[in-house]
2 protein chains.
Amino acid sequence: MTRSMSSFDKAMALFGALVAQDGVFESDAMSVQLGVPESTLYRHLNALHSAGLICRSRRGRYLPNPVFLKKLEGYTPHAVLSELVRPFLDQLSVALETTTHFGLLENDMVTYLAKSVFEGEEVFTRENGQLEAYCSAIGKVLLSHMTVDEQRAYISSGPFPKLTDKTITDPAAIERELHRTRNKGFGVDDGEVHNALYCIAVPVFSSRGIVVGAISSSSSQRWASPKEQRDRLIQLNGVAQSISSTLGAGA
Amino acid sequence: MTRSMSSFDKAMALFGALVAQDGVFESDAMSVQLGVPESTLYRHLNALHSAGLICRSRRGRYLPNPVFLKKLEGYTPHAVLSELVRPFLDQLSVALETTTHFGLLENDMVTYLAKSVFEGEEVFTRENGQLEAYCSAIGKVLLSHMTVDEQRAYISSGPFPKLTDKTITDPAAIERELHRTRNKGFGVDDGEVHNALYCIAVPVFSSRGIVVGAISSSSSQRWASPKEQRDRLIQLNGVAQSISSTLGAGA
DNA sequence: CCAATTGCTATCACAATGTGATAAATGGAG
DNA sequence: CTCCATTTATCACATTGTGATAGCAATTGG
């Protein structure tokens with residue numbers, strides 16, 4: 001499976017490291033970090049430069065080329081993600097016979113970037129609309145993949161409004177629920193946002209294991225059995241995997 | 001001088017073409033456009049994908065990878081440009097003994113991204129501040145490199161306030177002045193913005209001849225002679241060239 | 001529904017480029 | 001001036017990239 005890596009991939013790995021470190025390049029540190037000899041790194045730097053990806057600022061400092069950046073103005077991660085994800089959501093909504101969503105976390109709220117309605121299963125959400133994270137299925141998944149510090153900060157940022165009888169509002173209970181979610185690998189909203197709304201959600205990872213967002217299946221009827229829930233999960237995870245692979249390897 | 005082109009450059013050229021065309025890829029058209037055989041193009045597409053630069057959306061449609069885009073959040077063309085340009089401005093201001101600026105056009109106004117003050121030559125401009133384009137040296141240069149349609153739209157967008165006695169405000173006269181500026185290759189502000197402010201400016205091109213911005217030399221005293229103006233121009237153009245080359249080839 | 005078109009993948013012999021060790025030059029900081 | 005990290009240059013060698021061709025896959029149009 002390990003297709004021979006093109007020279008491309010290695011140089012782009014260097015690019016990624018550079019932008020992540022605010023342009024700072026220390027040859028020996030970078031050499032061990034990327035597992036590439038220094039002489040090769042400098043060749044890659046020159047390749048990135050002549051390809052118009054980076055500029056040399058001060059000695060030891062390389063910045064993304066502003067002309068290159070300008071080309072990417074007009075492409076936002078949100079817009080691209082929602083376009084990429086939509087066909088998968090459509091496929092999923094007919095397979096599951098439920099409405100499906102793709103969402104991600106933004107300022108501790110879930111933003112729904114894309115939605116695919118299954119006829120008869122209208123849901124009150126809107127694309128680009130937001131919902132509370134602690135009680136929604138997608139929100140629980142995304143919160144459960146935060147770092148410990150981030151999650152702690154979120155949990156102490158309450159209060160958490162009780163949207164239905166079943167909404168979990170006690171901070172300690174929310175924390176337990178998030179642990180459960182993380183361990184199970186999927187999130188459940190059992191009528192906790194709205195009386196007639198039942199959802200399950202799974203995370204979408206980038207190839208390097210970073211959580212990019214989450215997809216969910218929403219229905220106005222509760223799942224009939226654990227088995228039905230399990231079936232949905234299998235399909236959800238399959239689609240999540242597909243999305244991951246269209247995102248590609250270097251991300 | 002033509003250093004052998006790495007495989008990188010060709011693939012990045014494809015990337016540039018893709019983002020410029022909103023992700024649309026037609027193999028035969030692209031093949032003639034880039035002068036690369038189709039089979040090679042598809043290999044490049046795969047390289048871009050596995051490097052995490054692009055995703056495949058629909059058939060024939062390739063979008064920038066959102067994960068990649070997210071890495072570049074936080075880098076704006078403005079911020080990077082001003083950092084890159086600053087050392088050149090500093091060098092220039094001591095060489096010319098004048099205050100120097102780098103600016104670009106934004107909504108028909110000149111935005112000053114960077115400024116290097118020469119002692120005793122304070123100027124009222126602020127970094128990230130804006131000034132009218134039709135009367136400033138940098139503005140004239142940038143306007144003179146607009147497309148015909150853009151320039152026509154600008155000229156008919158008046159009125160143009162008379163900031164000093166010498167300000168050119170008649171649309172037809174402005175148009176003539178822009179033609180002159182374009183032909184000479186540099187712009188002059190002969191006290192047209194402020195009574196005690198005299199500037200000359202030259203364009204900064206990217207390697208592909210796109211105007212990225214302009215640099216200027218500003219003084220409270222008028223240049224003594226045509227020769228002095230010519231000397232300043234030579235230095236200005238030299239620095240403009242240097243900036244172009246730090247921007248690299250692929251841009 | 002079947003053609004026809006276009007997108008995309010696979011393969012191969014050959015040419016070109018990337019690789020990494022070494023050495024040396026450049027530039028900045030104390 | 002001296003040290004140290006950055007950066008360029010060089011070289012024999014291994015790995016990739018190249019582009020023509022053929023063929024498969026999927027969409028479009030009639």
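Just so you know, these numbers use all the heavy atoms, side chains as well, and skip hydrogens, waters and symmetry mates. Quick note on labels: first sequence line is chain A, next is B, and so on, each numbered from 1.
At the heavy-atom level, A:Y62 lies under 4.0 Å from the strands shown only through sugar-phosphate atoms. Note on A:T40: a base of the nucleic acid sits closer than 4.0 angstrom, heavy atoms only. Within the 4.0 angstrom heavy-atom criterion, no nucleotide atom of any strand lies near B:E38. Within 4.0 Å of A:S7, counting heavy atoms only, lie sugar-phosphate atoms of the nucleic acid but no base atom.
No donor-acceptor pair under 3.5 Å is formed between the side chain of A:S218 and the backbone N or O of A:C199. Here the side chain of A:R61 pairs a donor or acceptor atom with the backbone of A:D22 at under 3.5 angstrom.
B:R61 places its CZ atom 16 Å from the P atom of D:dT27, with the value rounded to the nearest Å. The CG atom of B:N46 sits 16 Å away from the P atom of D:dG19 (whole-angstrom rounding). Summarising the geometry, the separation between CG on B:L14 and P on D:dT18 is reported as 12 Å, rounded to the nearest angstrom. When rounded to the nearest whole Å, the span between CG of B:L48 and C1' of D:dG17 equals 14 Å. The interatomic distance linking B:D28 (CG) with C:dG7 (P) rounds to 6 Å, in whole Å. Separating the CG atom of A:L45 from the P atom of D:dT7 is a distance of 7 Å, rounded to the nearest angstrom. Atom P of nucleotide C:dT22 and atom CG of A:L41 are separated by 17 Å, given to the nearest angstrom. A straight line from CD of B:E26 to C1' of C:dG7 spans 11 Å, rounded to a whole angstrom.
With distances taken from any side-chain atom of B:S39 to the nucleotides D:dT6, C:dG7, D:dT21, the minimum falls on D:dT21. Closest to the side chain of A:P37, from the set C:dA21, C:dC8, D:dA20, is C:dA21. Closest contact between the side chain of B:R59 and the listed nucleotides C:dA10, C:dG7, D:dT7 involves C:dG7.
A:R86 and A:D90 are not joined by a salt bridge, as no carboxylate oxygen comes within less than 4.0 angstrom of a charged side-chain nitrogen.
A close approach under 4.0 Å does not occur between any side-chain nitrogen or oxygen of A:K10 and OP1 or OP2 of C:dG18. Within the 4.0 Å cut-off from OP1 or OP2 of D:dT8, at least one side-chain nitrogen or oxygen of A:R56 is found. Distances shown here put every side-chain N or O of B:Y42 at or beyond 4.0 Å from the OP1 or OP2 atom of D:dC24.
Residues A:F8 and A:S27 each lie close to DNA chain D; by heavy-atom proximity, the contact nearer the 5' end of the strand is made by A:S27.
Between the side chain of A:R43 and the base of C:dT17, no donor-acceptor pair of N or O atoms lies under 3.5 Å.
In the model, B:S27 has a side-chain atom that pairs as donor or acceptor with a side-chain atom of B:E38 under 3.5 Å. In the model, B:D28 has no side-chain atom that pairs as donor or acceptor with a side-chain atom of B:S31 under 3.5 Å.
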